[in-house]
Structures are given as structure tokens and as C-alpha cells.
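If you're wondering where the values come from, they're calculated on a predicted model, not measured in any experiment.
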Amino acid sequence: MIDYTLTSKWNERRIDVEVIYKNISEQALVVQGIQCSEGLFIVDYPKAIPANGSGKISVIVEARDNSENEVDLIRLKTNQGEKLLRVKAATNSGACASASI
């Protein structure tokens with residue numbers, strides 16, 4: 001499981017962000033499907049990531065009322081098995097994410 005932390009301003013209800021990830025494998029990562037939990041909306045994602053390459057998942061994060069440090073999931077079904085990305089939203093400034101899978 002890979003962890004991402006997204007930060008937002010205290011009054012933001014919607015965050016548009018690109019989750020950048022790296023394929024550290026020696027073979028291409030083929031994304032066969034993608035799912036996300038409540039509060040996340042997938043806008044776009046790469047169908048394949050080259051070996052030792054990187055890709056972006058475009059995501060909209062919708063804030064929920066009375067929630068602090070909420071956690072959502074992105075599940076990738078790939079030719080290398082299931083990849084689970086845990087997305088944690090926190091209040092601050094800016095929004096970015098990066099990790100390796």
C-alpha cells in the first residue's frame with residue numbers, strides 16, 4: 001500500500017490534483033481497471049506506465065462535512081497485481097502527491 005497526503009486550505013471543498021507515481025519495476029505496468037472510495041473521483045489515468053517510468057492519476061477530492069484527516073482509497077488492477085493507494089486529506093495549503101509503486 002502506498003500513502004499519499006493531500007493538503008488543502010481550510011475552506012476548500014474540492015481539490016483537483018494529479019497523483020504522480022513511479023513504476024519502479026523492470027517491466028511495464030498495465031492498468032486494467034481503477035476504483036476509488038467515496039470522496040474521490042477519477043478524472044483520467046494512464047493505461048500503461050513504462051518500466052522505471054512515471055504516470056499521473058487526475059483526481060478530484062471532495063471534502064466531507066465534519067471530517068478531519070479523512071482517508072480514501074484508489075485501487076488499481078494491473079498486470080502486476082492489485083496496487084492500493086491510500087489518500088489522506090489534511091488541511092493546510094497547496095495540494096500535491098507523489099510516491100512509487
| How would you list, by chain and number, every residue that makes a salt bridge (Lys or Arg N to Asp or Glu O under 4.0 Å) with Glu26, sequence neighbours excluded? | none
| said: Minimum heavy-atom separation for Leu29 and Lys83, please, with both atom names. | reply: CD1-CE, 4.2 Å
| request: Taking the side chain as every heavy atom from C-beta outward, state whether Leu73 and Leu85 have any pair of such atoms under 4.5 Å apart. | output: no
| query | Once you round to the nearest 0.5 Å, how far does OG of Ser37 lie from CG of Asp72? | reply | 3.5 Å
| Which heavy atom in Gln80 sits nearest to a heavy atom in Ser25, and how many Å separate them? | NE2-OG, 3.4 Å
| message | Is it the case that the side chain of Thr78 and the backbone of Val30 share a donor-acceptor pair, with hydrogens and angles ignored and the cut-off at 3.5 Å? | response | no
| request: Starting from the C-alpha separation in whole Å, work towards a yes-or-no answer on side-chain contact (heavy atoms from CB on, under 4.5 Å) for Phe41 and Val59. | output: CA-CA 6 Å; Phe41 301 92; Val59 179; over 6 Å; no
| task | Please answer: with hydrophobic residues joined when any side-chain heavy atoms are less than 4.5 Å apart, are Ile42 and Val87 in the same cluster? | result | yes
| query | What pairs of residues pass the salt bridge (charged side-chain N to carboxylate O under 4.0 Å, His left out) test when at least one of them lies in residues 47-57, not counting sequence neighbours? | reply | Glu18-Lys56
| message | Do Glu82 and Lys77 make a side-chain contact, defined as non-hydrogen atoms from C-beta onward lying under 4.5 Å apart? | response | no
| field | Asn23 versus Ile49, closest heavy-atom pair with distance | value | ND2-O, 3.4 Å
| task | Indicate yes or no: at least one non-hydrogen side-chain atom of Ile57 is less than 4.5 angstrom from one of Asp44. | result | no
| said: So which atom in Asn79 and which in Ala28 form the shortest heavy-atom distance, rounded to 0.1 Å? | reply: ND2-O, 3.2 Å
| Out of curiosity, Leu76 CG to Tyr21 OH, how far, rounded to the nearest 0.5 Å? | 6.0 Å
| query | What pair of heavy atoms forms the shortest contact from Gly55 to Pro46, and how long is it? | reply | CA-CG, 4.4 Å
| Minimum heavy-atom separation for Ile60 to Glu62, with atom names? | CG2-OE2, 3.8 Å
